[in-house]
Amino acid sequence: MMLTRRRFLASTLLAAAWGGMPGMARASMQTPWRNWSGWLLANPKDRIAPESEDELITFLKQSSGKLRPVGAGHSFTPLVPTEGHLLVLDRLSGIVSADAGTLRARIRAGMRLGDIGEPLEAKGQAMYNLPDIDRQTLAGAISTSTHGTGLGLRSLSGYVTGLRLVTSGGDVMELSASSQPDIFNAARVSVGALGIITEVEMQNRAPFRLLSRTWIQNTEEVLESFDKLAAEWQHFELMPFLHADYSLVIAHKETSEPVRPELPVEDDSEVLSLIDSTPVMLRGALINSLATQIEPTESVLPSWNALTNVRLVRFNEMEYSVPAAEGPECLRRILDTVARAGAEATIPLEYRTIDGDDTWLGMCSGGPRVSISVHRMAIHDYRPLFDLVEPIFWEHGGRPHWGKIHTLGRNELRGLYPHFDDFNEVRTLLDPGERLLNPYLARLFKD
Ligand SMILES: Cc1cc2nc3c(=O)[nH]c(=O)nc-3n(C[C@H](O)[C@H](O)[C@H](O)COP(=O)(O)OP(=O)(O)OC[C@H]3O[C@@H](n4cnc5c(N)ncnc54)[C@H](O)[C@@H]3O)c2cc1C
(Lines give C-alpha, C1' and ligand atoms only; values in the text may rest on other atoms or scores of the structure.)
Protein backbone atom coordinates (compact mmCIF):
# COMPACT_ATOMS: atom_id res chain seq x y z
CA MET A 1 0.00 0.00 0.00
CA MET A 2 1.43 3.41 -0.95
CA LEU A 3 0.78 6.11 1.60
CA THR A 4 0.57 9.78 0.80
CA ARG A 5 2.07 12.30 3.14
CA ARG A 6 -1.29 13.70 4.14
CA ARG A 7 -2.68 10.28 4.84
CA PHE A 8 0.30 9.36 6.95
CA LEU A 9 0.62 12.48 8.92
CA ALA A 10 -2.66 14.14 9.55
CA SER A 11 -3.46 16.06 12.60
CA THR A 12 -5.63 19.19 13.09
CA LEU A 13 -8.88 20.28 13.18
CA LEU A 14 -12.40 20.61 12.58
CA ALA A 15 -12.47 23.96 14.39
CA ALA A 16 -11.75 25.04 17.87
CA ALA A 17 -13.91 24.20 20.71
CA TRP A 18 -16.48 26.70 19.76
CA GLY A 19 -15.47 30.13 20.86
CA GLY A 20 -18.85 31.78 20.96
CA MET A 21 -22.49 31.65 20.15
CA PRO A 22 -23.15 33.02 16.68
CA GLY A 23 -26.28 35.07 16.59
CA MET A 24 -26.18 35.95 20.25
CA ALA A 25 -24.50 39.06 21.49
CA ARG A 26 -24.68 37.82 25.03
CA ALA A 27 -25.17 34.31 26.27
CA SER A 28 -25.38 33.82 29.97
CA MET A 29 -26.17 30.14 30.15
CA GLN A 30 -23.30 28.19 31.60
CA THR A 31 -22.11 26.32 28.54
CA PRO A 32 -18.61 25.05 29.30
CA TRP A 33 -15.80 26.24 27.07
CA ARG A 34 -13.09 23.87 25.86
CA ASN A 35 -9.93 24.48 23.90
CA TRP A 36 -9.10 22.67 20.65
CA SER A 37 -7.31 19.75 22.29
CA GLY A 38 -10.18 19.33 24.76
CA TRP A 39 -7.86 19.42 27.76
CA LEU A 40 -8.77 22.90 28.98
CA LEU A 41 -12.22 23.46 30.37
CA ALA A 42 -13.83 26.60 31.74
CA ASN A 43 -17.22 27.74 32.92
CA PRO A 44 -17.41 31.39 31.97
CA LYS A 45 -20.12 33.44 33.62
CA ASP A 46 -21.27 34.52 30.14
CA ARG A 47 -20.09 34.95 26.56
CA ILE A 48 -20.03 38.42 25.09
CA ALA A 49 -19.81 38.62 21.31
CA PRO A 50 -19.69 42.30 20.27
CA GLU A 51 -20.55 43.12 16.70
CA SER A 52 -18.54 46.32 16.66
CA GLU A 53 -15.78 48.06 18.55
CA ASP A 54 -18.37 50.51 19.94
CA GLU A 55 -20.41 47.64 21.34
CA LEU A 56 -17.26 46.24 22.94
CA ILE A 57 -16.39 49.62 24.50
CA THR A 58 -19.90 50.02 25.90
CA PHE A 59 -19.71 46.58 27.45
CA LEU A 60 -16.29 47.21 28.98
CA LYS A 61 -17.35 50.54 30.44
CA GLN A 62 -20.59 49.20 31.88
CA SER A 63 -19.42 45.86 33.21
CA SER A 64 -17.25 44.79 36.08
CA GLY A 65 -15.33 41.66 37.02
CA LYS A 66 -12.87 39.40 35.26
CA LEU A 67 -12.65 39.13 31.45
CA ARG A 68 -10.75 37.03 28.95
CA PRO A 69 -10.70 37.50 25.17
CA VAL A 70 -10.82 34.29 23.13
CA GLY A 71 -9.89 33.70 19.50
CA ALA A 72 -10.36 30.23 18.07
CA GLY A 73 -9.38 28.48 21.31
CA HIS A 74 -6.37 26.80 19.69
CA SER A 75 -3.89 27.53 22.46
CA PHE A 76 -2.83 24.62 24.64
CA THR A 77 -1.93 26.81 27.64
CA PRO A 78 -4.73 28.11 29.92
CA LEU A 79 -4.57 31.68 28.64
CA VAL A 80 -8.31 31.84 28.01
CA PRO A 81 -10.14 29.99 30.82
CA THR A 82 -12.15 32.32 33.04
CA GLU A 83 -15.12 32.22 35.34
CA GLY A 84 -15.77 35.82 34.35
CA HIS A 85 -16.84 37.23 30.98
CA LEU A 86 -15.55 35.42 27.90
CA LEU A 87 -15.13 37.97 25.11
CA VAL A 88 -15.66 36.31 21.73
CA LEU A 89 -14.33 38.43 18.88
CA ASP A 90 -15.53 36.32 15.95
CA ARG A 91 -17.88 39.03 14.76
CA LEU A 92 -15.07 41.54 14.41
CA SER A 93 -14.02 40.12 11.08
CA GLY A 94 -13.16 41.42 7.60
CA ILE A 95 -10.56 43.49 5.82
CA VAL A 96 -11.03 47.16 6.70
CA SER A 97 -8.62 48.65 4.15
CA ALA A 98 -5.63 47.77 1.99
CA ASP A 99 -3.03 50.27 0.83
CA ALA A 100 -1.65 49.39 -2.61
CA GLY A 101 1.38 51.64 -2.10
CA THR A 102 2.67 50.32 1.22
CA LEU A 103 1.18 46.83 0.83
CA ARG A 104 -0.27 47.13 4.30
CA ALA A 105 -3.77 46.00 5.22
CA ARG A 106 -5.94 46.67 8.27
CA ILE A 107 -7.81 43.56 9.29
CA ARG A 108 -10.37 43.07 12.05
CA ALA A 109 -8.95 41.08 14.92
CA GLY A 110 -11.36 38.15 14.99
CA MET A 111 -10.87 37.18 11.35
CA ARG A 112 -9.61 33.61 10.93
CA LEU A 113 -6.28 33.33 9.12
CA GLY A 114 -7.88 30.97 6.63
CA ASP A 115 -10.47 33.57 5.68
CA ILE A 116 -7.90 36.28 4.99
CA GLY A 117 -5.87 34.86 2.09
CA GLU A 118 -8.36 35.00 -0.76
CA PRO A 119 -9.88 38.47 -0.16
CA LEU A 120 -6.42 39.84 0.57
CA GLU A 121 -5.16 38.47 -2.74
CA ALA A 122 -8.07 40.20 -4.46
CA LYS A 123 -6.66 43.43 -3.02
CA GLY A 124 -3.19 42.68 -4.39
CA GLN A 125 -1.57 41.48 -1.15
CA ALA A 126 -0.51 38.30 0.63
CA MET A 127 0.82 37.61 4.10
CA TYR A 128 4.52 36.76 4.12
CA ASN A 129 4.08 33.55 6.04
CA LEU A 130 1.50 31.38 7.78
CA PRO A 131 1.51 28.76 10.54
CA ASP A 132 0.80 25.06 10.12
CA ILE A 133 -2.97 25.54 10.24
CA ASP A 134 -5.21 28.52 9.47
CA ARG A 135 -8.11 28.26 11.88
CA GLN A 136 -6.65 30.75 14.38
CA THR A 137 -7.90 34.33 14.56
CA LEU A 138 -5.46 37.04 13.58
CA ALA A 139 -5.45 38.57 17.09
CA GLY A 140 -5.15 35.17 18.76
CA ALA A 141 -2.25 34.25 16.52
CA ILE A 142 -0.22 37.40 17.08
CA SER A 143 -0.98 37.35 20.80
CA THR A 144 1.09 34.18 21.27
CA SER A 145 3.77 34.98 18.64
CA THR A 146 2.46 32.35 16.21
CA HIS A 147 4.85 31.63 13.34
CA GLY A 148 5.48 29.52 10.27
CA THR A 149 8.88 28.53 8.90
CA GLY A 150 11.50 30.06 6.63
CA LEU A 151 14.92 31.69 6.86
CA GLY A 152 14.45 35.45 7.04
CA LEU A 153 10.71 35.11 7.73
CA ARG A 154 9.41 36.49 11.03
CA SER A 155 6.52 35.40 13.23
CA LEU A 156 3.19 37.01 12.34
CA SER A 157 3.73 39.57 15.11
CA GLY A 158 6.92 40.66 13.34
CA TYR A 159 4.79 41.92 10.41
CA VAL A 160 2.34 43.92 12.54
CA THR A 161 2.68 47.63 11.80
CA GLY A 162 -0.30 48.94 13.74
CA LEU A 163 -2.91 47.86 16.29
CA ARG A 164 -6.13 49.13 17.79
CA LEU A 165 -6.39 48.08 21.41
CA VAL A 166 -9.30 48.66 23.77
CA THR A 167 -8.27 48.58 27.42
CA SER A 168 -10.28 46.73 30.05
CA GLY A 169 -11.66 50.12 31.08
CA GLY A 170 -12.94 50.80 27.55
CA ASP A 171 -10.31 53.30 26.32
CA VAL A 172 -9.17 52.97 22.70
CA MET A 173 -5.48 53.11 21.79
CA GLU A 174 -4.14 53.40 18.24
CA LEU A 175 -0.64 51.93 18.39
CA SER A 176 2.27 51.84 15.93
CA ALA A 177 6.04 52.28 15.83
CA SER A 178 5.46 56.05 15.78
CA SER A 179 2.48 56.24 18.14
CA GLN A 180 3.30 55.01 21.66
CA PRO A 181 6.07 52.68 20.43
CA ASP A 182 6.67 51.02 23.81
CA ILE A 183 3.06 49.99 24.20
CA PHE A 184 3.08 48.91 20.54
CA ASN A 185 6.08 46.66 21.12
CA ALA A 186 4.37 45.15 24.14
CA ALA A 187 1.03 44.74 22.39
CA ARG A 188 2.31 42.86 19.35
CA VAL A 189 2.69 39.75 21.56
CA SER A 190 0.53 40.28 24.61
CA VAL A 191 -1.30 37.02 25.46
CA GLY A 192 -4.47 39.06 25.88
CA ALA A 193 -3.06 40.68 29.02
CA LEU A 194 -3.09 44.32 27.88
CA GLY A 195 -6.55 44.75 26.41
CA ILE A 196 -8.74 43.67 23.55
CA ILE A 197 -7.26 44.02 20.06
CA THR A 198 -9.91 45.07 17.56
CA GLU A 199 -7.83 45.75 14.43
CA VAL A 200 -4.39 44.74 13.22
CA GLU A 201 -2.41 46.39 10.44
CA MET A 202 -0.12 43.90 8.69
CA GLN A 203 2.84 44.53 6.41
CA ASN A 204 2.17 42.26 3.47
CA ARG A 205 3.73 41.61 0.09
CA ALA A 206 2.52 41.00 -3.45
CA PRO A 207 0.61 37.72 -3.91
CA PHE A 208 2.73 34.70 -4.76
CA ARG A 209 2.41 31.04 -5.65
CA LEU A 210 4.41 28.28 -4.03
CA LEU A 211 5.77 25.07 -5.43
CA SER A 212 5.38 22.64 -2.52
CA ARG A 213 7.24 19.39 -2.21
CA THR A 214 7.18 16.78 0.55
CA TRP A 215 9.43 13.77 0.82
CA ILE A 216 10.83 11.31 3.33
CA GLN A 217 14.52 11.44 4.16
CA ASN A 218 16.87 10.12 6.82
CA THR A 219 16.77 12.66 9.68
CA GLU A 220 20.54 12.85 10.20
CA GLU A 221 21.06 13.30 6.48
CA VAL A 222 18.62 16.26 6.39
CA LEU A 223 20.20 17.82 9.46
CA GLU A 224 23.62 17.66 7.83
CA SER A 225 22.38 19.51 4.75
CA PHE A 226 19.82 21.63 6.60
CA ASP A 227 21.44 25.03 5.95
CA LYS A 228 21.70 24.38 2.23
CA LEU A 229 18.14 23.08 1.95
CA ALA A 230 16.69 25.88 4.07
CA ALA A 231 18.47 28.44 1.89
CA GLU A 232 17.22 26.78 -1.28
CA TRP A 233 13.58 26.53 -0.14
CA GLN A 234 11.79 29.69 1.01
CA HIS A 235 9.82 27.76 3.65
CA PHE A 236 11.52 24.63 4.90
CA GLU A 237 10.73 22.31 7.79
CA LEU A 238 11.16 18.76 8.90
CA MET A 239 9.01 16.49 10.98
CA PRO A 240 11.29 13.85 12.51
CA PHE A 241 9.64 10.64 13.64
CA LEU A 242 10.47 9.61 17.20
CA HIS A 243 11.90 6.10 17.68
CA ALA A 244 12.72 6.01 13.97
CA ASP A 245 15.32 7.18 11.47
CA TYR A 246 13.24 9.28 9.10
CA SER A 247 11.72 12.72 8.80
CA LEU A 248 8.96 14.06 6.64
CA VAL A 249 10.44 17.05 4.84
CA ILE A 250 8.08 19.87 3.80
CA ALA A 251 9.46 22.52 1.46
CA HIS A 252 7.99 25.43 -0.50
CA LYS A 253 9.52 27.87 -2.93
CA GLU A 254 8.10 30.68 -4.99
CA THR A 255 7.20 29.81 -8.56
CA SER A 256 5.51 31.32 -11.58
CA GLU A 257 4.14 27.91 -12.61
CA PRO A 258 0.36 27.65 -12.93
CA VAL A 259 -1.66 26.15 -10.09
CA ARG A 260 -1.75 22.37 -10.04
CA PRO A 261 -4.82 20.96 -8.34
CA GLU A 262 -4.72 20.57 -4.62
CA LEU A 263 -4.32 17.12 -3.15
CA PRO A 264 -7.37 16.00 -1.21
CA VAL A 265 -7.06 16.14 2.55
CA GLU A 266 -6.71 12.58 3.73
CA ASP A 267 -7.37 11.23 7.16
CA ASP A 268 -4.16 9.93 8.72
CA SER A 269 -5.80 8.97 11.97
CA GLU A 270 -5.78 5.27 11.04
CA VAL A 271 -2.04 5.21 10.51
CA LEU A 272 -1.38 7.21 13.65
CA SER A 273 -3.63 4.80 15.56
CA LEU A 274 -1.66 1.87 14.16
CA ILE A 275 1.64 3.40 15.30
CA ASP A 276 0.10 4.35 18.63
CA SER A 277 -1.12 0.84 19.34
CA THR A 278 2.23 -0.77 18.47
CA PRO A 279 4.49 -1.47 21.47
CA VAL A 280 7.21 1.20 21.73
CA MET A 281 10.01 -1.32 21.22
CA LEU A 282 8.54 -2.29 17.82
CA ARG A 283 7.47 1.19 16.80
CA GLY A 284 10.76 2.25 15.21
CA ALA A 285 10.79 -0.70 12.83
CA LEU A 286 7.14 -0.11 11.94
CA ILE A 287 7.64 3.60 11.24
CA ASN A 288 10.83 3.00 9.26
CA SER A 289 9.02 0.50 7.12
CA LEU A 290 5.92 2.71 6.63
CA ALA A 291 8.03 5.80 6.01
CA THR A 292 9.85 4.28 3.06
CA GLN A 293 6.47 3.68 1.43
CA ILE A 294 5.33 7.29 1.61
CA GLU A 295 5.13 8.88 -1.81
CA PRO A 296 6.69 12.29 -2.40
CA THR A 297 4.10 14.94 -3.29
CA GLU A 298 4.25 18.08 -5.37
CA SER A 299 1.75 20.88 -5.95
CA VAL A 300 1.57 24.55 -6.93
CA LEU A 301 -0.87 26.72 -5.01
CA PRO A 302 -1.42 30.31 -3.90
CA SER A 303 0.74 30.88 -0.80
CA TRP A 304 -2.26 31.12 1.54
CA ASN A 305 -3.42 27.71 0.40
CA ALA A 306 -0.01 26.03 0.20
CA LEU A 307 1.37 26.79 3.63
CA THR A 308 -1.35 25.46 5.90
CA ASN A 309 -2.66 21.99 6.63
CA VAL A 310 -5.69 20.31 8.07
CA ARG A 311 -4.98 18.43 11.29
CA LEU A 312 -7.60 15.82 12.06
CA VAL A 313 -6.05 14.11 15.05
CA ARG A 314 -6.30 16.13 18.26
CA PHE A 315 -3.16 16.51 20.32
CA ASN A 316 -1.42 18.58 22.96
CA GLU A 317 1.81 20.32 22.12
CA MET A 318 4.94 21.69 23.75
CA GLU A 319 7.13 23.99 21.68
CA TYR A 320 10.29 25.88 22.53
CA SER A 321 12.38 28.06 20.26
CA VAL A 322 16.12 27.86 20.76
CA PRO A 323 18.85 30.09 19.27
CA ALA A 324 19.34 28.97 15.66
CA ALA A 325 22.81 27.54 16.30
CA GLU A 326 21.48 25.30 19.08
CA GLY A 327 18.76 23.74 16.94
CA PRO A 328 20.43 20.63 15.48
CA GLU A 329 22.01 19.53 18.76
CA CYS A 330 18.80 20.16 20.70
CA LEU A 331 16.84 18.07 18.20
CA ARG A 332 19.38 15.22 18.30
CA ARG A 333 19.23 15.16 22.09
CA ILE A 334 15.43 14.98 22.10
CA LEU A 335 15.41 12.12 19.61
CA ASP A 336 18.06 10.28 21.57
CA THR A 337 16.48 10.89 24.99
CA VAL A 338 13.03 9.74 23.88
CA ALA A 339 14.49 6.64 22.22
CA ARG A 340 16.63 5.69 25.23
CA ALA A 341 13.74 6.19 27.63
CA GLY A 342 11.44 4.14 25.41
CA ALA A 343 8.95 6.97 25.93
CA GLU A 344 5.46 6.78 24.49
CA ALA A 345 5.22 9.13 21.50
CA THR A 346 3.36 8.84 18.20
CA ILE A 347 3.23 12.14 16.32
CA PRO A 348 6.49 13.39 14.76
CA LEU A 349 8.37 16.40 16.08
CA GLU A 350 8.33 19.64 14.09
CA TYR A 351 11.52 21.60 13.38
CA ARG A 352 11.26 25.09 11.87
CA THR A 353 13.26 28.29 11.40
CA ILE A 354 12.03 31.78 12.34
CA ASP A 355 13.76 35.14 11.93
CA GLY A 356 14.19 37.54 14.83
CA ASP A 357 11.92 40.52 15.55
CA ASP A 358 11.77 43.47 17.92
CA THR A 359 8.58 42.68 19.85
CA TRP A 360 9.08 42.57 23.61
CA LEU A 361 7.67 39.09 24.26
CA GLY A 362 8.10 37.54 20.83
CA MET A 363 9.80 34.15 21.16
CA CYS A 364 12.23 35.26 18.47
CA SER A 365 12.79 38.77 19.76
CA GLY A 366 16.47 39.53 19.45
CA GLY A 367 17.52 37.08 16.74
CA PRO A 368 16.75 34.07 14.58
CA ARG A 369 15.62 30.89 16.27
CA VAL A 370 14.66 27.33 15.55
CA SER A 371 11.40 26.05 16.98
CA ILE A 372 11.00 22.41 18.00
CA SER A 373 7.55 21.03 18.77
CA VAL A 374 6.67 17.87 20.64
CA HIS A 375 3.15 16.44 20.35
CA ARG A 376 1.12 13.91 22.27
CA MET A 377 -2.23 12.64 21.03
CA ALA A 378 -5.01 14.11 23.15
CA ILE A 379 -6.23 10.64 24.11
CA HIS A 380 -3.05 10.30 26.19
CA ASP A 381 -1.57 12.15 29.13
CA TYR A 382 1.13 14.39 27.68
CA ARG A 383 3.03 14.89 30.93
CA PRO A 384 5.46 11.94 30.89
CA LEU A 385 6.72 12.88 27.41
CA PHE A 386 6.79 16.63 27.95
CA ASP A 387 8.45 16.28 31.38
CA LEU A 388 11.18 14.20 29.78
CA VAL A 389 11.87 16.65 26.99
CA GLU A 390 11.38 20.09 28.57
CA PRO A 391 14.71 20.21 30.49
CA ILE A 392 16.56 19.67 27.21
CA PHE A 393 15.04 22.89 25.88
CA TRP A 394 16.16 24.76 29.00
CA GLU A 395 19.74 23.59 28.52
CA HIS A 396 19.69 25.01 25.00
CA GLY A 397 18.40 28.46 25.93
CA GLY A 398 14.82 27.70 24.88
CA ARG A 399 11.89 30.08 25.17
CA PRO A 400 8.45 28.45 25.35
CA HIS A 401 5.73 29.23 22.83
CA TRP A 402 3.12 31.26 24.73
CA GLY A 403 0.28 29.12 23.40
CA LYS A 404 1.91 25.73 23.96
CA ILE A 405 2.44 23.71 27.10
CA HIS A 406 5.39 24.50 29.38
CA THR A 407 5.99 24.67 33.10
CA LEU A 408 7.79 28.02 33.38
CA GLY A 409 6.62 30.82 35.62
CA ARG A 410 7.45 34.48 36.11
CA ASN A 411 10.96 34.06 37.46
CA GLU A 412 12.21 31.90 34.60
CA LEU A 413 10.45 34.00 31.96
CA ARG A 414 12.03 37.19 33.30
CA GLY A 415 15.43 35.63 32.63
CA LEU A 416 14.49 34.81 29.06
CA TYR A 417 13.11 38.19 27.99
CA PRO A 418 15.07 41.43 28.52
CA HIS A 419 11.80 43.41 28.27
CA PHE A 420 9.75 41.19 30.57
CA ASP A 421 9.54 43.77 33.37
CA ASP A 422 8.78 46.53 30.85
CA PHE A 423 5.90 44.45 29.56
CA ASN A 424 4.63 43.95 33.09
CA GLU A 425 4.72 47.69 33.70
CA VAL A 426 2.62 48.32 30.61
CA ARG A 427 0.24 45.59 31.74
CA THR A 428 -0.20 47.22 35.16
CA LEU A 429 -0.71 50.60 33.52
CA LEU A 430 -3.36 49.44 31.04
CA ASP A 431 -5.20 47.00 33.30
CA PRO A 432 -4.85 48.49 36.80
CA GLY A 433 -7.86 46.56 38.12
CA GLU A 434 -6.45 43.25 36.83
CA ARG A 435 -9.67 42.41 35.06
CA LEU A 436 -7.69 40.50 32.43
CA LEU A 437 -5.65 38.42 34.84
CA ASN A 438 -6.80 34.78 35.13
CA PRO A 439 -4.95 32.34 37.43
CA TYR A 440 -2.58 31.25 34.67
CA LEU A 441 -1.63 34.79 33.69
CA ALA A 442 -1.09 35.53 37.38
CA ARG A 443 1.47 32.71 37.42
CA LEU A 444 3.22 34.20 34.38
CA PHE A 445 3.21 37.83 35.48
CA LYS A 446 2.74 38.09 39.24
CA ASP A 447 3.67 35.06 41.36
C1 LIG B 1 -3.46 22.22 15.38
C2 LIG B 1 -2.69 23.43 15.80
C3 LIG B 1 -1.64 23.88 15.00
C4 LIG B 1 -0.89 24.99 15.38
N5 LIG B 1 0.13 25.40 14.58
C6 LIG B 1 0.90 26.43 14.97
C7 LIG B 1 2.01 26.85 14.16
O8 LIG B 1 2.25 26.34 13.08
N9 LIG B 1 2.78 27.87 14.64
C10 LIG B 1 2.55 28.46 15.83
O11 LIG B 1 3.31 29.35 16.21
N12 LIG B 1 1.48 28.10 16.59
C13 LIG B 1 0.67 27.12 16.18
N14 LIG B 1 -0.41 26.75 16.95
C15 LIG B 1 -0.71 27.54 18.15
C16 LIG B 1 -1.70 28.66 17.84
O17 LIG B 1 -1.34 29.33 16.66
C18 LIG B 1 -1.71 29.67 18.98
O19 LIG B 1 -2.00 29.04 20.19
C20 LIG B 1 -2.70 30.82 18.70
O21 LIG B 1 -2.57 31.75 19.74
C22 LIG B 1 -4.14 30.34 18.64
O23 LIG B 1 -4.95 31.38 18.12
P24 LIG B 1 -6.48 31.45 18.55
O25 LIG B 1 -7.17 32.41 17.63
O26 LIG B 1 -7.03 30.12 18.71
O27 LIG B 1 -6.34 32.18 19.96
P28 LIG B 1 -6.75 31.62 21.43
O29 LIG B 1 -6.03 30.38 21.68
O30 LIG B 1 -8.22 31.64 21.57
O31 LIG B 1 -6.12 32.81 22.32
C32 LIG B 1 -4.72 32.98 22.34
C33 LIG B 1 -4.41 34.25 23.13
O34 LIG B 1 -4.84 35.38 22.39
C35 LIG B 1 -5.66 36.18 23.21
N36 LIG B 1 -6.60 36.84 22.31
C37 LIG B 1 -7.44 36.28 21.43
N38 LIG B 1 -8.13 37.24 20.77
C39 LIG B 1 -7.71 38.43 21.29
C40 LIG B 1 -8.03 39.80 21.03
N41 LIG B 1 -8.93 40.15 20.10
N42 LIG B 1 -7.40 40.75 21.73
C43 LIG B 1 -6.47 40.42 22.67
N44 LIG B 1 -6.12 39.18 22.94
C45 LIG B 1 -6.74 38.18 22.25
C46 LIG B 1 -6.30 35.21 24.19
O47 LIG B 1 -6.76 35.87 25.34
C48 LIG B 1 -5.13 34.32 24.48
O49 LIG B 1 -4.28 34.91 25.43
C50 LIG B 1 -1.21 25.68 16.59
C51 LIG B 1 -2.26 25.23 17.39
C52 LIG B 1 -3.00 24.12 16.99
C53 LIG B 1 -4.16 23.65 17.83
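Every number for a ligand or one of its atoms is a count from 1 in the order of the listing.
- Partners of Tyr159 under the ring pair (Phe, Tyr, Trp, His ring centres under 6.0 Å) rule, at least two apart in sequence or in another chain, are Tyr128.
- Val189 places none of its side-chain heavy atoms less than 4.5 Å from the side chain of Trp360.
- Counting atoms of ligand 1 from 1 in the listed order, those under 4.0 Å from a heavy atom of Leu89 are 41 (N).
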**Request:** With side-chain contact (heavy atoms from CB on, under 4.5 Å) as the test, would you mind laying out the steps for Lys446 and Leu441 before giving the verdict?
**Result:** CA-CA 8 Å; Lys446 281 195 68 135; Leu441 289 182; over 6 Å; no

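- Inclusion of Ser145 in the set of residues having an N or O under 3.5 Å from an N or O of ligand 1 is not warranted.
- Nearest-residue assignment for atom 8 (O) of ligand 1 (options Glu237, Arg112, Met363, Arg352; heavy-atom criterion): Arg352.
- Using cut-offs of 30° and 60° for the angle between ring planes, the His235 and Phe208 rings count as parallel.
- Looking at Thr144 next to ligand 1, an N or O pair under 3.5 Å apart turns up.
- At a heavy-atom distance under 4.0 Å, only backbone atoms of Ala141 (N, CA, C or O) approach ligand 1.
- Taking every heavy atom of Ser75 and a limit of under 4.0 angstrom, the matching atoms of ligand 1 come to 18 (C), 19 (O), 20 (C), 21 (O), 22 (C), 28 (P), 29 (O), 31 (O), 32 (C).
- Counting the atoms of ligand 1 from 1 in the order shown, those under 4.0 Å from a heavy atom of Arg68 are 47 (O), 49 (O).
- Evaluated by nearest non-hydrogen atom to atom 11 (O) of ligand 1, the leading choice among Arg164, Met111, His375, His401 is His401.
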**Request:** Show your reasoning for whether ring-ring contact (aromatic ring centres under 6.0 Å, His included) applies to Phe423 and Trp402.
**Result:** CA-CA 14 Å; Phe423 179 89; Trp402 294 101; 7.7 Å; no

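- Closest heavy-atom approach to atom 16 (C) of ligand 1 among the candidates Thr146, Thr198, Val310: Thr146.
- In terms of polar-atom proximity, Pro69 is counted as a contact of ligand 1, with an N or O under 3.5 Å from an N or O of the ligand.
- Distances between N or O atoms of Phe76 and those of ligand 1 include no value under 3.5 Å.
- Salt-bridge check for Glu55 with Arg91: failed, with every basic side-chain N at 4.0 Å or more from each acidic carboxylate O.
- Of the candidates Glu350, His74, His147, His74 brings a heavy atom nearest to atom 51 (C) of ligand 1.
- Looking only at atom types and distance, the side chain of His401 has no donor-acceptor partner in the side chain of Glu319 under 3.5 Å away.
- Not a single heavy atom of Trp402 sits under 4.0 Å from any atom of ligand 1.
- The aromatic rings of Phe445 and Phe420 lie parallel to each other, with less than 30° between the two planes, well short of the 60° mark.
- Ser75 places no side-chain N or O within 3.5 Å of a backbone atom of Thr77 that could act as its donor or acceptor partner.
- The distance from ligand 1 to the heavy atoms of Lys404 drops below 4.0 Å at these ligand atoms: 6 (C), 10 (C), 12 (N), 13 (C), 14 (N), 15 (C).
- Under the 6.0 Å cut-off for aromatic ring centres, Tyr351 and Phe226 qualify, their centroids lying closer than that.
- Note on ring orientation: taking the six-membered ring where Trp is involved, the planes of Phe315 and Trp36 are perpendicular (angle over 60°, cut-offs 30° and 60°).
- With ligand atoms numbered from 1 in the order given, ligand 1 contributes 49 (O) to contacts under 4.0 Å with heavy atoms of Val191.
- Of all non-hydrogen atoms in Thr308 and Pro131, the two that sit nearest each other are CG2-O, 3.1 Å.
- Side chain of His85 to backbone of Ser64: a donor-acceptor contact under 3.5 angstrom is found.
- The atoms of ligand 1 that sit less than 4.0 Å from any heavy atom of Ala139 are 38 (N), 39 (C), 40 (C), 41 (N).
- At least one side-chain heavy atom of Trp394 sits less than 4.5 Å from a side-chain heavy atom of Leu408.
- Residue contacts with ligand 1, taken as heavy atom pairs separated by less than 4.0 Å, do not involve Arg314 at all.
- Residue Gly195 places a heavy atom under 4.0 Å from ligand 1.
- Of the polar atoms of Phe315, none of the N or O atoms is found under 3.5 Å from an N or O of ligand 1, judged by distance alone.
- Using a 4.0 Å cut-off between heavy atoms, Glu319 makes no contact with ligand 1 at all.
- Near Thr137, meaning under 4.0 Å from any of its heavy atoms, are these atoms of ligand 1: 25 (O).
- Counting heavy atoms closer than 4.0 Å to ligand 1, residue Arg135 contributes nothing at all.
- Here is the list of ligand 1 atoms found below 4.0 Å of a heavy atom in Ile196: 42 (N).
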